[in-house]
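Have a look at the structure below before the remarks.
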Protein chains: 2
Amino acid sequence: MGPEEFRAAGHELIDWIADYRARIPQLPVQAQVGPGEVAGKLPSRAPEEAESFRRVLADLEEIVVPGVTQVQHPRYFGWFPSNATLSSVLGDLATSGLGALGITWQSAPALTEVEEVVVEWLRELTALPEGWKGVIQDTASSACLVALLAARERATNYSEARGGLQAENAPLTVYTTQHAHSSIPKAVALAGYGRDNCRFVGVDPVTYAMRPEALAAALEADVAAGRRPAAVVASVGTTGTTAVDPVAQIVPLARQYGRWVHVDAAMAGSALLLPEMRWLADGVAGADSLAWNPHKWLGTVLDCSLLYVADPDHLIRVMSTSPSYLRSAVDGEVTQYKDWGIPLGRRFRALKLWFHLRLDGVEAIQARLRRDLDNARWLADQVSSTPGWRILAPVNLQTVVLRHEPDGVVSATGAVLDPGALNAHTLSWVDSVNTSGAALVTPSLLDGTWAVRVSIGAEPTERQHVEELWTLVKQAAERAG
Amino acid sequence: MGPEEFRAAGHELIDWIADYRARIPQLPVQAQVGPGEVAGKLPSRAPEEAESFRRVLADLEEIVVPGVTQVQHPRYFGWFPSNATLSSVLGDLATSGLGALGITWQSAPALTEVEEVVVEWLRELTALPEGWKGVIQDTASSACLVALLAARERATNYSEARGGLQAENAPLTVYTTQHAHSSIPKAVALAGYGRDNCRFVGVDPVTYAMRPEALAAALEADVAAGRRPAAVVASVGTTGTTAVDPVAQIVPLARQYGRWVHVDAAMAGSALLLPEMRWLADGVAGADSLAWNPHKWLGTVLDCSLLYVADPDHLIRVMSTSPSYLRSAVDGEVTQYKDWGIPLGRRFRALKLWFHLRLDGVEAIQARLRRDLDNARWLADQVSSTPGWRILAPVNLQTVVLRHEPDGVVSATGAVLDPGALNAHTLSWVDSVNTSGAALVTPSLLDGTWAVRVSIGAEPTERQHVEELWTLVKQAAERAG
């Protein structure tokens, strides 16, 4: 496709996107298709001859749109905000249009240097420690794996340079909580520590945050048994309840053993742009790394995760390679981001962050985040003051964990008397809300029974939409009995 | 930014991209900036207030464009083709505009099912074994790491579910060649095998392909010493010389020990779309996995790597997680790609492949690949028939590895008599070509001395541009003495 054909099709597609975004509020939130329905509409072989753009666009409209859950919908309250701000979409289009190749500084100096500048902008905006250096990864899953690889190599004095983890004698252990995101035990497993060596430290029964005394006990028990603590992964804003592990208390415990502390703030990191929310990261200056995802609440279109490290030289030593065809005269003077993560080839992801921050401006972004926090407090107030409803976890951020508890299934002290009936009731009304297409919320297990997460923060979600959600939820729960 | 503001800015950006692509031939190929030059033009803090789109676009033009090496240039012959076809750029814009979230099938059924269909289209187009299943990864680096994690878990009967690699007694070993891409030993190190356990098997002195008898000897020696072979990574089209390891001979050797064979065809995979080039993958039906990058020669804009596996159930067992908030009623009926790789959150990358194949059509893509193969053969013929010049490796694909060898530095039998002088000469003329901005080629060490890779295959590169390159190269080498 040549530039002129692209120009014509591109204008059509821009108009299509603008129109699509404008009509999202009229679409069902949850995709209304069954397994195999989308695939069944597609031919089984690639076309030999070029098809018209009009035809491809028609399939986008008729096959793809009904087949995606509309996470840009104002009544999307599902997993977590996954905003794709249109300012960042423009940045991402610039990236693809440029078609630059990020393998070394030399292959695209601007790709490296815009990234350095923009991750530093965000370090300053989120008040992370001066001197920490950042890099864009695809997701917090990869960032956590990278952090645990760095931790493994610190704990083993670079075993990768010798016989690897398999040459180590005493098993290395990693600590997090049962409320940690699934990507953390996954990273523990993939990094070769073994799932048995992942300790799920106990949490406070009210806040669901890691109990420092339980961490201390777990560390001591492992050391006494001849094991070697390698890393603690603290969650700042867990997926289930937005619980905040106390980083300031965790750091000195890990430091006793000289071990790595990684802070997983995938969702909550956006809140660090608000000075009044910086308590979330209290103590982070003593940690080794922190990751958060602008592709969630902040709204830089997928995929964009920021990993900050206190000691980039260590990370580079763990990750670096230098084949002859990638060497250049400026090595040593420039940042080579290929040595800060797993992939060699890197997309120019910094442009979408750059466009996003510049075209929206920091003040407007902060105002939106504050709006969402206000909306969550408003909803929590409604729930708390409505008989038969309960808030199940502190509302630290923009997520409200709630439950409708009909008479008789929960005791006066809050103990669940009939978990089977309560779970059936919860899943029933959640399903009726979600399948209606009017809104989407996500159920999640909490202390063994199902709770409902209302994760507020889609870019178009105003108070009115939260009010509508609350009405929908009450009606659905009452209808479910 | 609202839809109408996006519409206006989007039209401007589409026009800018169309104009930019049209004028790339007038730009210097290699970025003409020094370290820190781009960063020095950017403010040190993010803007509090929104900036105009015009201003951001002006910076894109004035700061970013001069700061990237123009890999979409017709005289780009550097590292490898990194085509960003405009058809795939449209698909990627659709992805960002949709703003879908890929975490589970439920979050975006079309994201999963278009991916399943399109990777199957490409499986069939590349004649990979029926029944193999594919998934899109970001890069071949990640795909190789995933394959080596799968290999590790097969060799240890799922040690990750227990004490991990550190609980294993006999060291696991991995086999590849010294011509393997740097991402392979990196993946060996990251997966915890240890660099000492990565065996660089000897290559044929003429073809630079793995010698099966050397592999057999290495396997036998390790087994005799009590070590356990875990994986062989065969390179089909190495980065240095596009050497092709003999997969058909490697597979039975690895099979003796029941071990994983991963085929790294990152660059060369595109050639499998041509029936006459399928010899590259002879024997692949006995392997376990293969990865190749549509974001290279094929031209689906970064990042897009395909990983195919013979046994997806094994991969899923190694990679899967199932937290309560990601469970749904259709689990078991659908593909959950989160369990096929490292990241949980996945971009809708299949759209760019879908747009690319449909808007360009397979025949036109095949014709372009054949054009590039022809151009490489043409250049090789010129080099071979020109006194003082030599082809240093078989031209299996679209890369020509050449050298200018002035009188006296190389003997009549091809032995390098004065490597210092030859290296200085080579690096000097390459530098003069590259810094001129007229073309870009990449030097690479081969048998200890520098050679020059001319990697043909940028989308706009026609015979005329290869002729121009050959003239430039001859002039530069003659001027260098």
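Residue numbers begin at 1 in each chain, while the letters A, B, ... track the order of the sequences. Side-chain atoms are counted along with the backbone in the values below, which use heavy atoms only and exclude waters and symmetry mates.
- Put simply, of E333(B), M319(B), Q30(B), the one with the most heavy-atom pairs under 4.5 Å next to chain A is M319(B).
- The contact between R346(A) and chain B is made entirely by backbone atoms, counting heavy-atom distances below 4.5 Å.
- Side chain of W121(B) to main chain of P43(A): a donor-acceptor pair is present (N/O by atom type, distance under 3.5 Å, no hydrogens or angles).
- Only the side chain of L145(A) has a heavy atom closer than 4.5 Å to any heavy atom of chain B.
- With a 4.5 angstrom heavy-atom cutoff, Q106(A) touches chain B via backbone and side-chain atoms both.
- To the nearest 0.5 angstrom, I342(B) atom CD1 is 10.5 Å from Q137(A) atom CD.
- Annotation: maximal heavy-atom pairing with chain B below 4.5 Å, among V89(A), V301(A), L60(A), occurs at V89(A).
- Of the possible polar contacts, none joining the E48(A) side chain to the V362(B) backbone as a donor-acceptor pair under 3.5 Å is found.
- Contacts of P185(A) with chain B are absent, with no heavy-atom separation under 4.5 Å from either backbone or side chain.
- With a threshold of 4.5 angstrom between heavy atoms, L149(A) approaches chain B through side-chain atoms but not through N, CA, C or O.
- Residue contact with chain A, scored on non-hydrogen atoms closer than 4.5 Å, is absent for A187(B).
- With a 4.5 angstrom heavy-atom cutoff, A46(A) touches chain B via backbone and side-chain atoms both.
- L13(A) touches chain B through its side chain: at least one heavy atom from C-beta onward sits under 4.5 Å away, while N, CA, C and O do not.
- Looking at A94(A), both its backbone and its side chain come within 4.5 Å of chain B, counting heavy atoms on both sides.
- Checked by atom type and distance alone, the side chain of R21(A) never pairs as donor or acceptor with a backbone atom of G2(B) at under 3.5 Å.
- Both the backbone and the side chain of L101(B) come within contact range of chain A, judged by heavy atoms closer than 4.5 Å.
- Residue with the most contacts toward chain B among V114(A), V117(A), V330(A): V117(A) (heavy-atom pairs, distance under 4.5 Å).
- At least one donor-acceptor pair closer than 3.5 Å links the side chain of S141(A) to the backbone N or O of L344(B).
- Residue S142(A) touches chain B through both its backbone and its side chain, counting heavy-atom pairs closer than 4.5 Å.
- The greatest number of non-hydrogen atom pairs below 4.5 Å with chain B, out of I103(A), T104(A), I63(A), is found for I103(A).
- The CD atom of E5(B) sits 9.5 Å away from the CG atom of L86(A) when rounded to the nearest 0.5 Å.
- For the set S44(B), A364(B), A191(B), the count of heavy-atom pairs under 4.5 angstrom toward chain A peaks at S44(B).
- Residue N293(B) does not touch chain A at all, counting heavy-atom pairs closer than 4.5 Å.
- Among D59(B), T95(B), L122(B), V188(B), the residue with the largest count of heavy-atom pairs under 4.5 Å with chain A is D59(B).
- Of the residues listed (D92(A), T139(A), D138(A)), the one engaging R347(B) in a side-chain hydrogen bond (donor to acceptor under 3.5 Å, both in side chains) is D92(A), and it is the only one.
- There is no contact between E116(B) and chain A, counting heavy-atom distances below 4.5 Å.
- Ranking A18(B), G164(B), A84(B) against chain A, the residue ahead of the rest is A18(B), based on heavy-atom pairs under 4.5 Å.
- How far CG of L165(A) is from CG of L165(B): 5.5 Å, rounded to the nearest 0.5 Å.
- Note on ring orientation: taking the six-membered ring where Trp is involved, the planes of H11(A) and H11(B) are tilted (angle from 30° to 60°).
- At a 4.5 Å heavy-atom cutoff, the contact between L125(A) and chain B is made by side-chain atoms alone.
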task: Give the intermediate values and the outcome of side-chain contact (heavy atoms from CB on, under 4.5 Å) for residues W354(B) and L42(A).
output: CA-CA 11 Å; W354(B) 198 48; L42(A) 304 179; 3.7 Å; yes
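- For Y20(A), the part sitting under 4.5 Å from any heavy atom of chain B is the side chain, from C-beta outward, and nothing else.
- Around atom CD of E49(A), no more than 12 heavy atoms belonging to other residues, nucleotides or ligands sit under 6.0 Å away.
- Between chain A and the options S52(B), A161(B), G345(B), heavy-atom pairs under 4.5 Å are most frequent for A161(B).
- Proximity to chain A (any heavy atom under 4.5 Å) is shown, for L57(B), by neither the backbone nor the side chain.
- With a 4.5 angstrom heavy-atom cutoff, T112(B) does not touch chain A via any of its atoms.
- For chain A, the nearby part of K338(B) is the backbone; its heavy atoms alone come within less than 4.5 Å.
- One N or O on the side chain of R152(A) and one on the backbone of L190(B) form a donor-acceptor pair closer than 3.5 Å.
- Comparing D303(A), D431(A), L111(A) by heavy-atom pairs within less than 4.5 Å of chain B, the highest count is held by D303(A).
- Atoms CE and CG, from M1(A) and D360(B) in turn, are 6.5 Å apart once rounded to the nearest 0.5 Å.
- Of the two parts of T85(B), neither the backbone nor the side chain holds a non-hydrogen atom closer than 4.5 Å to a non-hydrogen atom of chain A.
- Both the backbone and the side chain of V318(A) come within contact range of chain B, with heavy atoms under 4.5 Å apart.
- Your options are R7(B), R358(B), R45(B), and the one with the most heavy-atom pairs under 4.5 Å with chain A is R358(B).
- The parts of S96(B) that come within reach of chain A are both its backbone and its side chain, each placing non-hydrogen atoms under 4.5 angstrom from that chain.
- Neither the backbone nor the side chain of P66(B) has a heavy atom closer than 4.5 Å to any heavy atom of chain A.
- Neither the backbone nor the side chain of S305(A) has a heavy atom closer than 4.5 Å to any heavy atom of chain B.
- Between chain B and the residues V118(A), N83(A), V334(A), N197(A), the largest count of heavy-atom pairs under 4.5 Å involves N197(A).
- Only the backbone of S320(A) comes within contact range of chain B, with heavy atoms under 4.5 Å apart.
- In this structure, the side chain of K186(B) does not engage the main chain of T321(A) through any donor-acceptor pair within 3.5 Å.
- In terms of non-hydrogen atom pairs under 4.5 Å with chain B, the most contact-rich of V56(A), V71(A), V65(A) is V56(A).
- Judged by distance alone, with hydrogens and angles left aside, the side-chain atoms of Q72(B) form a donor-acceptor pair with the main-chain N or O of G99(A) at under 3.5 Å.
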